[in-house]
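Take a look at the structure set out below.
Residue numbers begin at 1 in each chain, while the letters A, B, ... track the order of the sequences.
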Amino acid sequence: MKKYTLWIAGGLGALLLLLVPLYFKSTFVLHIYTLTFFYIGLTAAWNIMAYGGNLSLGHASFFAIGAYVGALLYVKLGISPWIGLTGAVAASFVGGMILSMPLIRLRGPFFTLATIAFTEVLRLIAIDWRDLTHGSAGLNIPFDLGWLNLTFKSGAPFYYIALALAVGSVWLSRWVRYSALGYHLRAAASDDQAAEALGVDFNLVQITALLISATLTAVLGLFYAFYSYVLEPATLFSFELFSLQPALNAIIGGMGTVWGPVIGAVFMTPLGEFLRFYLGTIQQGLNYVVYGIILIMTVRFFPGGILSLLTPLGVRFKRWIGDTGDNQ
Amino acid sequence: MKKLAMLAAACICLMQISVTGVFAEEKTIQIGALYPISGNLALMGEESWRGAEIARILRNRQGGVAGKQIVFRQGDASTNSAARSETERMIEQDKVKAILGTYASSRCMVASEVAARKDIFYFELGAIANAITQRGYKTVWRTCPTSLDFCRGQVNFIINWLAPTLGKKANEIKVGIAHEDGEYGTSVANSFATLAKKTGLQIVSVEAYSNTSNDLSSVIFRLRKAAPDIVVAVSSSQDAILLSRQANELGLNIPIMGTGGGHSFQSFADGLGPQANGVLNVDFTQYHVNTKYTPGLEEFVKLYQETFKHFPRAGSSLANFMGANVIFNILEKTGGSFDPEKIRKVAMAMDIQPGHTATGWGVKFDKEGQNVRAECLVTQWRDGKLVTVWPKKFAVMEPILVK
Amino acid sequence: MLNLKGIDCFYGDFQVLRDLSLKVEAGQIVALLGPNAAGKSSTLAAISGALPYTKGEINFCEKPIKGIKPEKVVDLGIALVPEGRKLFQTLTVRENLELGAYSRHAREKRGKTLQQVYELFPVLKDRSSQTAGSLSGGEQQMCAIGRGLMAQPRLLMIDEMSLGLSPILAKQMFTMVQEIAAIGITIFLVEQQVHHTMRVADYTYIIEKGHITMSGPTKEIAANEHVKKTYLGM
Amino acid sequence: MDFYIQVLISGLLLGGIYALISIGLNLIFGVVRILNFAHGELVMLAMYGTFWLYKLYDLDPYLSLVVVLPAMFLFGVVLQRFILQPVLTTSGVMKMFTTVGISILMQNLALILWKGDFRAVQTFYSMSTIKFSGLIISIPRLVAFGAALLSIILLYLFLKYTYVGKALRAIVEDHATARLMGITVERHYLLAFGLGALFSALGGTLMMPFSSVYPTIGGPFTALAFVIVVLGGLGSMGGTFLAGLFIGVIEAFAGTFVSPGLKEAIYFVIFLLVLMVRPQGLFGMGRGTEEIGLK
Amino acid sequence: MALLTVKNLTKKFGGLVAVHDMTFDIEPGEIVGLIGPNGAGKTTLFNLISGIVHADQGSLMLAGKSLIGMRPCHRSRAGIGRTFQVVRPFDMNVLENVMVPALTRTRDTSKARKAAMEVLEMMGLAEFATRSPGNLTLAQRKRIEVARALATQPKLLLLDEVLAGLNPTEVAENLPLIRQLRDTGVTILFIEHLMDAMMAVAERVLVMDQGALICCGTPREVTSDECVIKAYLGEEDPQC
């Protein structure tokens, strides 16, 4: 009986999300939802590396790789973005391999520094390589309507695409967590030496996680490029938007868990828009001040993120629905 | 699964918060004002907004448009992504029927794209990338000059004044370009190269640099090696000062001609002191100009000073003032209606000769929506003031050559 | 001088000290002997304030010292020479010694104390400008003890002094300890090395599984068969 | 040949300032074990301090050091005591994110207080140069370089010969044992953070005669300082100085002979290569670095 | 053929010789004890065998295959399981802790879960499967440590002081486990300080002092050896 309640609640939620575009005609609302879904995806992808204890502040690089590869193939060669996806995945795979070289020797903050440097190098190359990327002037996705071109007049198609991407990313992140890889990553994060002694190939699992995370981010980047029509290094390689924000979402939601990133993204994305609207126009910069304070306070007062505050609630909820708490 | 359900609920709640907008009142005319007012473009974004704001205040004092007061719905285009969100929000929540802005070209490209796809009017008053009006949208208009106009101003000046002054023919003049590698610098540099090819100027060196760089000695060294007759600099902000300082430190004795941005700021002269003297610049109309050709400028400056307690920081505010006035005039003629057909008709019919607006620009839109009578003036820093020196009818002083 | 009464102490949920009581009388060399993991280092950590204890009290010179931070315990006149010496490897011998005299009362007289330490360990004077990392094992131990002496302690606690030293060196070190005691500094030795320790100690405690199982003047303890059993399970 | 020497000189002068800013970061890192992402913002704050003293009280930038340095020292102490001290026991990454938060906060507070304008001071010596045999050297840059060299020597002497300096070195090596010596570790953390802020302030103030300040100026300095500190070796002051010069010269040559737009990319590539091949740094010892993430 | 062959193994840390020229064999199915005073180099020897530190000199062979140059994870897969002296459970529940090594043998989580449960049952930990190790007693955590090592299905199990810190009843409970483990076909090398425990289970004892192997034999032989007594009691000038 209680299982039913669960399914009905879940189904209802899913239905609600599917019906949103019909209920809200406003593309602004859809845009916020779409943006939130993108960030759920990004944060979940970022979080796959966090399972292994590695915090990247360079995911903008993979995001931009995906966006540029997809857009360049489309704009310059006329290849549909759906086919371009393979190119984006391949390119981000190569990028991930390159970044994995320092990863083998570096841990903690130093790995984080390496990811920042990696992104900076790519950003500067993207700016300088004008023949390919048009430099800072950027590339435009032409307005040719059609599913094949990923160009739509209404906001609904991208709403569903982003929703699918978010669900897919979270599903993948959940799958990784409860696979052999996930167990090994978590073991490596908690004690790399003990994990190695128990047969966990530290380098292999970390690199695998990096590659999964990187390619997933690149896929999101590609769709984002087509969603935002304009590609330029200042936005795609933006530290604040695509490197720091996913990390922030995850930390605030609850890093290294499946649902923490989702909660973080759902909380932070509308909040960011809200703050910019209400505070940013009152006093420039005020919204970021609030952001900074939220970050400092989170680390200090609840380093486990929002999820750690919800856990007591969750336990009660589980008891209520009669869930015994098995992970499978 | 159960968590998903909880999340969905939370999600919807949160979004409702950000969605509660204020709906348009009937007695006012609602226009979106989209500028980057935080982030790294905040300074000029805000300065540009001030121009439009002054125009609004002034027009409202005079009774508004078609008897209605004008209200700006403000948006912060701090990033491209924000530009998109804010445009969506202004259109959907604030129900604006027209948007003006944006100062930065990349923000405009994103925002106008969103607006155009919804048939909402977008008036660009300050961004100069050529591409903005070249995408075939019927609802995107621009009142200010393009980057090509900037370079036209420069090239004309170089050919008609610099070449005779140096005693050279136009095709003997060597030009070095130093530009910041952002979207602004790149687009101007590209335009200059195109124009130079047509007019026979020799470009001997093109140096791109990052505007966050704290050392430009390498740019100077490369220019020194190329030894041009004039350096065309496209700087966005503090890099203008840095470039001039390091040119001086490292003995680059070549006249510098800025291209708006950093070279138009009062801080440029304040920071450089006497060294700023003689630095040329091409930009939107600035304040030390022949006011016979710029009716309304003095009124603008007066109101600006009353409102913001200091002299305007750059010509961008004036350009936005002029542009906003053009929009108000159009709306006045449509009787406050945003009907696409009406607006288009009125706008296309507009025909103002140069010398009748606060910037001195005329108004005549081409089919793409670009104001073809917008032009850039050459100015020069003289004793801490940016005075107009070219073309002659706008000039208040004669240009001088300072190496 | 030092008096531990009924100390209970936990690492997480694991009890390392059970109702431990011992006394160190002024002017004596007191030894705490016991096998690995018996709770010897924990005892020292509890005294020096690095490890909080749940029950019991520690008095030094009749005054309770519970809750005093490690950096302040030194000021009271208790110096600890940690297990494994823990010298500052990149600092010179002299700098290591000087840092020993960080506490306020010792700092003023550090020039004089340094001379005394050099007299005790002439080799340190020869090596004074070398980095501590370049010393041999024995010299490092001397430096560590010297550093402890620099604090002008009334009580010097030495943890596993003979660890990693050859028997001959260890023997020399114990002789040194006697010399130090002769200056009037009370010494609390924590050791596994039974033979040498018993040669120098006035009073001995045997600790097993966090509890004192035997105590008495060293001569009495030495005669006891249980000691042998503790160490070799015979 | 002269040309190359001129490029070299300009790179060295630049490197001196870089070293000065980085030395503060290295000190904070070595002693407190925090990767301070708000380091550039400390430089920014000091630059604003100098600017306002000049603007409001007509104080020469060099004279303003008397006010700016103690103020920034105090600011560093307050930052460490009230914001970082409470999170000291969390993981390195969490501490890092706290400093990211501080950086966002400071940048935007500066924007609110002082707007986005870039501001520069104008002194009689701003543009003065020494010229000999075809070479030109900017005097304020030379002063900054000299000050960098001098302060690094002073810092070295301070760490080498003063009692507090020795205590700081002891903490760098092993803070638990330092505590056993009676060294008040937390208080030294305050000192180290204060000194770190002071050195960045010195760098910032000395740059004011030839540079301008705006709210986001700090970011590139933070990145740069990290590159230099890692190259020079954590905890190694001499290494930091050399690495600063090295990066300055690389930047000058790469900018002049490759492309001004790619000079940052080149030093980031070097940084990545060093991290891969020799994470303990080109010049330094890299003691205790396992603790914070180097293998 | 010997299961583990150690020849001339040497490891220096700076000036300190932690393990000096050690040579010994371990036959399949043996239970071998390793004793020695503090700092004798026992744990370093374990680290050398399990690959956490690399030897400066000498050779290491597992069932005839050289281990030199192999990373710890590969040695683990080759059949070396080890526990750490200080328990180091991962930040996850007991079952998951044991699943981590089990998942190096199979990629299938349900199989790994089953295998882990079996090991937990054998170790008497089944009822704590969903508990966090932090909430268990030290004795139980030590068993998790052993369970994790067992879940790698080792040929050679290195136990580092699994009895230290336990009270006598707990020791008595854990002792039979060691024999039981051997009976499942695992060869065991263990470090222990509790002499009576050592005497009760070890078939052969290696004694280390100052990084060198000073004696080797049955428990009885070893305890009556003069050198051993001297090493422990620190008598002057041992002649060996």
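- For the pair Gly271(B) and Gln122(D), the tightest heavy-atom approach, listed with the atom from each and the gap, is O-CG, 3.1 Å.
- Residues passing the salt bridge (charged side-chain N to carboxylate O under 4.0 Å, His left out) test with Glu251(D) are Lys263(D), sequence neighbours excluded.
- Neither the backbone nor the side chain of Asp239(B) comes within contact range of chain D, judged by heavy atoms closer than 4.5 Å.
- Within a 6.0 Å radius of CZ in Phe311(B), more than 12 heavy atoms belonging to other residues, nucleotides or ligands are found.
- Between atom OG of residue Ser217(B) and atom CZ of residue Arg141(D) there is a gap of 7.0 Å, rounded to the nearest 0.5 Å.
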**Request:** Report the C-alpha distance between Ser218(B) and Thr256(D) in whole Å, list the side-chain angles of each, state the deciding distance to 0.1 Å, and finish with yes or no for side chain to side chain donor-acceptor pair (under 3.5 Å).
**Result:** CA-CA 4 Å; Ser218(B) 43; Thr256(D) 308; 4.8 Å; no

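- Most heavy-atom pairs under 4.5 Å with chain D, from the set Leu272(B), Asp181(B), Val219(B): that is Leu272(B).
- With a 4.5 angstrom heavy-atom cutoff, Tyr18(D) touches chain B only via side-chain atoms.
- No other option in Gly261(D), Gly255(D), Pro260(D) has as many heavy-atom pairs under 4.5 Å with chain B as Pro260(D).
- Of the residues considered (Ile139(D), Thr123(D), Val258(D)), Val258(D) shows the highest number of contacts with chain B, using heavy-atom pairs under 4.5 Å.
- Chain D is approached within less than 4.5 Å, heavy atom to heavy atom, by no residue from residues 252-261 of chain B.
- Heavy-atom minimum distance, Phe118(D) versus Phe268(B): CE1-N, 4.2 Å.
- When heavy atoms are compared at a cutoff of 4.5 Å, Phe253(D) does not approach chain B at all.
- Residues passing the side-chain hydrogen bond (donor to acceptor under 3.5 Å, both in side chains) test with Tyr214(D), sequence neighbours excluded: Gln238(B).
- No more than 12 heavy atoms of other residues, nucleotides or ligands shown are found within 6.0 angstrom of OH on Tyr4(D).
- For the options Thr129(D), Ile112(D), Thr216(D), Asp117(D), heavy-atom pairs under 4.5 Å to chain B are most numerous at Asp117(D).
- With chain B as partner, the option from Gly219(D), Pro209(D), Ser128(D) having the largest number of non-hydrogen pairs under 4.5 angstrom is Pro209(D).
- Residues Gln6(D) and Leu250(B) approach most closely at NE2-CD2, 3.7 Å, considering heavy atoms.
- Looking at Glu47(B), neither its backbone nor its side chain comes within 4.5 Å of chain D, counting heavy atoms on both sides.
- In plain terms, the two heavy atoms of Ser10(D) and Phe221(B) that are nearest each other are OG-CE1, 3.7 Å.
- Near-neighbour residues of residues 222-236 of chain B relative to chain D, defined by a heavy atom under 4.5 Å from a heavy atom of that chain, comprise Arg222(B), Arg224(B), Lys225(B).
- Of all heavy-atom pairs spanning Arg245(B) and Val121(D), the tightest one is NH2-O, 2.9 Å.
- Here OG of Ser212(D) is found 11.5 Å from CG of Asp270(B). Values are rounded to the nearest 0.5 Å.
- Within the model, atoms CG of Asn214(B) and CG of Leu224(D) stand 6.5 Å from one another, a figure rounded to the nearest 0.5 Å.
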